[in-house]
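Only a predicted model underlies this, so the values are computations on that prediction, with no experimental measurement involved. Reckoned from all heavy atoms, side chains included, excluding hydrogens, waters and symmetry mates.
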Amino acid sequence: MENFFKLRENGTTVRTEILAGLTTFMTMAYIIALNPNLLTNFDVGSSLWNGVFLATCIASAIAMFCMAFLANKPFALAPGMGLNSFFAVVAANIAGLTGMSYVESFQAALVIILIEGLVFIVLSVLNIREKIVEAIPLGVRLGIAPAIGLMLMNIGLGSNAGVYSETGGPFFVMRDFFGALTPSSAQSTMGGGYPQMVLYVATMFIGLFVIALLAKKGVKGAVLIGMLAASVIYWIGSFVFLSTNPFGALSTASWLPPFGDMASTTLFKFNFQGFVQIGWFTVITLVITFCMIDMFDTIGTLVGTASRAGMVDKDGTMPNMKEALLADAIGTVAGACTGTSTVTTFVESASGVEAGGRTGLTALTTGVLFLACIFIAPIAAVIPAAATSAALIYVGVLMLMGLKNVDFDDLDQMVPVALMLIGMPVSGSIGHAIGLGLISFTIIKVFSGRAKDVSALTYVISALFLVKFFLIV
């Protein structure tokens, strides 16, 4: 491991890397169940759900193994949030337009993901994706990490831990608890879910403060210890205050992987005949849309997380960027072949990086845990969302430190950065926020008489984002 992953050269150890991989896994394990839920409209237990569940674990592991062995970077990959919801909408629309069943339209939509992945492999091999990264101006790059930080905080406080009750839901911590005028109004809104929300808030902030205090004392593995402490608080609280058993689902859980369902619904089940029925204009539009969202989500995550970890040079460029992008592309092809939406680099990788992960051994550890979830998924499900929220909020706070590198007196930098800071958490898309930053940077340069400061590729990318935002239907 020392020779292959260059641990000493990167200032890390096997123990640190494995703990970092476990930390990353715990913050993103939610995708294992959430992805099949979103792609099948919560048709839990169906053959398609089982197929997508296995595809999520297998494709994610393949992508992370590629990240480990090709790029030697600590970044984790899985079917991207936002992209999976968009895929589900596309599959439903195909079914409505053609009269196919949802499973058949799902299999037709997988062809689009396959094309996207193959395009990305070609672009990565030809260094075109790397050149796109280099075309992002330094000022915009400096704003990516803190913008991701705000996005992580927004996820942790705003959407990661939701409560349902007889009055509806989901209810979230920031909007429905802290956003309520009084505790009585929050209780009235959430009904029977209010006690669980109180437990969520207590769990989240106890976990956050434990992580912060341990990190302040220089304790290694502070993020992981904090999440475990928060989980214990939640489990005890469930028993004592909610009179529920947080481990009750384990007694009825199935531990046998549903490989038969995967073989019959998603594994290499490309519906080329249904794909042709979509229409070429629609296909091209969808491929471009998937490509642009995935490309800049991945680029943003890699640049932002790498800059936080000190993995970039003075120009903001990360070594082995080509190999990292290639791993992402291979993951997307693997996802299409096994039966899931676009696989992309996860922003939750920042939690593992903050725990000390610096090499591919972190990604390898997370990938092995994803594969293990084929057999032990019920155990991953007992990690409370509030505990992972504590880690996301803490990492988000740390990534905000990147703002110190931004020149606040230079509007060429400050306007794009400000737009990304608000755009990323509100839109939920790293790629869209980068698009806003690039467009504003280009317009300011052009109309201030400094058009030559903008590279040709930056003009092209800005124009493509304008087309995507205003013309693609």
Side-chain angles (χ1 to χ4, degrees), residues 20-35 38 55-68 71 73-87 120 144-145 147-149 151-156 159-160 223 227 293-309 311 318 324-325 327-332 334-335 340-355 357 360 362-371 373 380 383 385 388-389 391-393 395-396 399 424-425 428-431 433-434:
L22 179 58
T23 301
T24 299
F25 170 77
M26 289 182 67
T27 57
M28 63 183 287
Y30 67 86
I31 197 65
I32 293 170
L34 184 56
N35 191 54
L38 293 174
T56 301
C57 295
I58 294 171
S60 301
I62 291 172
M64 284 184 265
F65 294 160
C66 290
M67 182 66 73
K73 296 299 179 186
F75 307 117
L77 303 94
M81 289 298 296
L83 287 164
N84 49 14
S85 298
F86 181 52
F87 179 92
F120 274 172
I144 292 175
I148 289 177
M151 184 177 178
L152 286 173
M153 294 176 68
N154 187 53
I155 293 171
S159 62
N160 188 49
V223 176
M227 279 196 289
I293 297 173
D294 181 28
M295 181 179 297
F296 285 93
D297 276 5
T298 299
I299 288 172
T301 302
L302 290 174
V303 172
T305 307
S307 62
R308 169 62 197 165
M311 297 179 184
M318 183 186 79
L325 293 170
D328 175 270
I330 293 172
T332 295
T340 186
S341 54
T342 306
V343 173
T344 187
T345 307
F346 253 53
V347 69
E348 284 83 356
S349 302
S351 62
V353 169
E354 199 54 46
T362 294
L364 177 62
T365 301
T366 309
V368 168
L369 290 170
F370 262 75
L371 270 187
C373 274
I383 303 169
T388 61
S389 286
L392 293 174
I393 296 167
V395 174
M399 295 189 78
M424 212 171 283
S429 171
I430 296 172
I434 293 175

Who passes ring-ring contact (aromatic ring centres under 6.0 Å, His included) against [X], sequence neighbours left out?
X      : answer
Phe75  : none
Phe65  : none
Phe296 : Phe465
Phe346 : none

Considering residues at least two apart in sequence or located in another chain, which fulfil the side-chain hydrogen bond (donor to acceptor under 3.5 Å, both in side chains) criterion with [X]?
X      : answer
Thr362 : Glu17
Asn84  : Asn35
Thr301 : none
Ser349 : none

All side-chain contact (heavy atoms from CB on, under 4.5 Å) counterparts of [X], not counting sequence neighbours:
X      : result
Ala324 : Met67, Ala71, Leu302, Met318
Ser389 : Asn160, Ala161, Met204
Thr342 : Leu83, Ile113, Glu116, Phe290, Asp294, Thr332
Ala329 : Phe120, Ile121, Ser124, Arg129

